[in-house]
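As the structure is a prediction and not an experimental result, all values here were calculated from the model. By convention in this document, chain letters (A, B, ...) are assigned in the order of the sequence lines, proteins followed by strands, and residues within each chain are numbered from 1. Values below: every heavy atom of this structure, side chains too, minus hydrogens, waters and symmetry copies.
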Amino acid sequence: MRLQDFQMPELPEIYSRAKELKLELVGRCITSVDILQTKSLNLPEKEFVSRISGAEIRDVFPRGKWIFINTDAGWLLINLGMGGEILLHEQGVKPQKLRADLAFDDGRHLSINFWWFGYIHFAGEDELDQHKMTSRLGENALDITREQFHINLSASRSRIKSYLLDQSKIAGIGNAYIHDILWFARLHPLRAINTMDADEIERLFDAVHQGLEPSLNKGGAFYELDIYGSPGGFTSQDIKIGYKEGKPCPRCQTEITKIKTGSTSSYICPDCQSY
DNA sequence: CGGGCTGTTGACTC
DNA sequence: AGAGTCAACAGCCC
């Protein structure tokens, strides 16, 4: 297993970062903004900086793979793409890699880094519904009710892996945690939803929780750092079958295989997760 | 050395 | 509506 296989911030990591940021930043004012990669913004740099400078942070919460920071000037919307760090530093300390830096009125500052496909967006207080990348997000994967999950799936004709990865359907699941989620549910990633019976949908709902909650409870995965620079407590030993090609299935000992599912790969137990 | 692979998201086509 | 392909990249594998 290679560390670089795992650099995806998904729901457990984003929930954890949002919680940490909320604890540290509510009530703080942004005193200066430094942008090192304008490409990750949704506004011209000058406009972005002027709109967010001086803002007081009111709240921080997760929506899927996005961190929403509510300020009295509007919204900061952050997506770490395929991996990155948000780190809180004491005055003067600077990390080597960063795309943007926010300084606060207590002297501390926040560096935001991601290896490429990340976003640091701004939306005015009343403009949130015009922000296309977040306005269509589905319910957070751990917040959707069993009943709503059932109703939503009944309306879908896609394959189950595509559905779970579609952020407009259910938000927060990515290609790292999905392997274990489908294994818990004993469902093949290419299974068509309209062939699933009620029992299978129930199993899938439970599996979403079984796949995400252990990591959430440990502050996210080991390959992502919290805002203080410490890795999450969810380690490769906690992963059931994801990225464990050739190892035995924890349930039936059958060898885990890696298969192509559209443009992504999937790790499955061919015995537990028959097509 | 370099082609292949990995991840997220939106745009685009059929 | 859903599926497929592409593009935007760094970094590591073999």
Side-chain angles (χ1 to χ4, degrees), chain A residues 1-15 17 36-42 62-68 77-86 95-100 112-121 123 130-138 140-141 151-182 188-196 211-212 215 220-225 232 236 239 241-246 257-268 275:
Chain A
M1 183 179 308
R2 304 171 308 154
L3 183 65
Q4 63 270 22
D5 283 337
F6 308 95
Q7 290 185 31
M8 303 72 75
E10 300 179 20
L11 187 143
E13 291 74 40
I14 298 304
Y15 266 51
R17 293 305 84 76
L36 290 93
Q37 188 196 47
T38 55
K39 201 170 181 172
S40 52
L41 305 178
N42 63 332
R63 286 278 283 117
K65 297 171 192 171
W66 289 79
I67 296 173
F68 279 49
L77 308 167
I78 300 171
N79 183 305
L80 294 176
M82 300 196 191
E85 313 85 40
I86 298 179
Q96 291 189 334
K97 285 188 177 182
L98 73 168
R99 308 283 186 180
I112 300 168
N113 185 48
F114 40 78
W115 79 256
W116 188 251
F117 308 140
Y119 307 105
I120 304 168
H121 286 184
Q130 294 162 38
H131 185 255
K132 293 203 170 127
M133 290 180 85
T134 58
S135 63
R136 294 197 209 104
L137 285 174
N140 279 341
I151 292 166
N152 291 358
L153 253 67
S154 304
S156 171
R157 271 159 289 136
S158 61
R159 298 169 193 266
I160 192 56
K161 182 172 181 180
S162 303
Y163 183 93
L164 292 176
L165 291 178
D166 185 340
Q167 302 300 297
S168 72
K169 302 285 196 298
I170 180 168
I173 299 170
N175 204 43
Y177 287 97
I178 199 163
H179 309 298
D180 280 10
I181 289 173
L182 291 172
H188 191 282
L190 295 178
R191 181 71 181 279
I193 290 174
N194 59 10
T195 69
M196 286 168 59
L212 297 177
S215 180
F222 67 94
Y223 48 81
E224 290 288 339
L225 303 176
S236 59
I239 297 171
I241 65 156
Y243 307 95
K244 299 197 170 182
E245 189 178 13
T257 59
K258 180 182 182 180
I259 61 169
K260 274 282 168 196
T261 45
S263 57
T264 64
S265 294
S266 294
Y267 295 83
I268 63 165
Y275 191 4

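Residues A/Ala155 and A/Ser263 each lie close to DNA chain C; by heavy-atom proximity, the contact nearer the 5' end of the strand is made by A/Ala155. When the nearest nucleotides of DNA chain B are assigned to A/Lys132 and A/Asn175 by heavy-atom distance, the more 5′-ward of the two goes with A/Asn175.
Taking every side-chain heavy atom of A/Lys260 into account, B/dT6 is the closest of B/dT8, C/dG2, B/dT6. Among B/dT8, C/dG11, C/dA1, the nucleotide with an atom closest to any side-chain atom of A/Arg157 is C/dA1. Side-chain proximity of A/Arg159 to C/dA3, C/dG2, B/dT9: nearest is C/dA3. Residue A/Lys39 has its side chain nearest to C/dA8 when only C/dG2, B/dT9, C/dA8 are considered. Checking B/dC5, B/dT9, C/dG2 against every side-chain atom of A/Ser156, the shortest atom distance belongs to C/dG2. Ranking B/dT9, B/dT8, B/dT6 by closeness to the A/Glu10 side chain, first place goes to B/dT8. Closest to the A/Lys258 side chain, of the nucleotides C/dG2, B/dT9, B/dC5, is B/dC5.
When the side-chain nitrogen and oxygen atoms of A/Lys161 are compared with OP1 and OP2 of C/dG2, none of them lie within a distance under 4.0 Å. The shortest distance between the side-chain N/O atoms of A/Ser265 and the OP1/OP2 oxygens of B/dC5 is not below 4.0 Å.
Per the geometry, CH2 belonging to A/Trp66 stands 11 Å off C1' belonging to B/dG10, to the nearest Å. Distance A/Arg136 CZ to B/dT8 P: 19 Å, rounded to the nearest Å. Regarding A/Gln96, its CD atom lies at a distance of 16 Å from the C1' atom of C/dA10, rounded to whole Å. The CZ-C1' distance, from A/Phe114 to B/dT9, rounds to 13 Å in whole Å. Distance CD1 (A/Ile160) to C1' (C/dA3): 15 Å, rounded to an integer number of Å. Going from atom CG of A/Leu190 over to atom C1' of C/dG2 covers 14 Å, rounded to whole Å. When rounded to the nearest whole Å, the span between NE2 of A/His121 and P of B/dT9 equals 12 Å. Here the P atom of nucleotide B/dT8 and the CD1 atom of A/Ile14 are 11 Å apart, to the nearest Å.
Residues that satisfy the side chain to side chain contact (heavy atoms under 4.5 Å, CB included) test with A/Lys97, not counting sequence neighbours, are A/Asn113. By the salt bridge (charged side-chain N to carboxylate O under 4.0 Å, His left out) test, A/Arg17 is found to be paired with A/Glu20, residues two or more places apart in sequence or in another chain being considered.
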Side chain to side chain donor-acceptor pair (under 3.5 Å) assessment of A/Lys161 paired with A/Thr264: CA-CA 10 Å; A/Lys161 182 172 181 180; A/Thr264 64; 2.9 Å; yes
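For the residue pair A/Thr257/A/Tyr267, the side-chain donor-acceptor check at 3.5 Å is not satisfied.
Two residues are said to be in side-chain contact when any heavy atoms from C-beta on lie closer than 4.5 Å; A/Leu182 and A/Ile268 fail this criterion.
Residue contacts shown for A/Gly118 are absent, as no nucleic acid heavy atom lies under 4.0 Å away.
In this pair, A/Phe117 lays its aromatic ring flat on the base of C/dA8, centres within 5.5 Å and planes under 30 degrees apart.
Note: A/Asn140 CG to A/Arg63 CZ = 5.5 Å, rounded to the nearest 0.5 Å.
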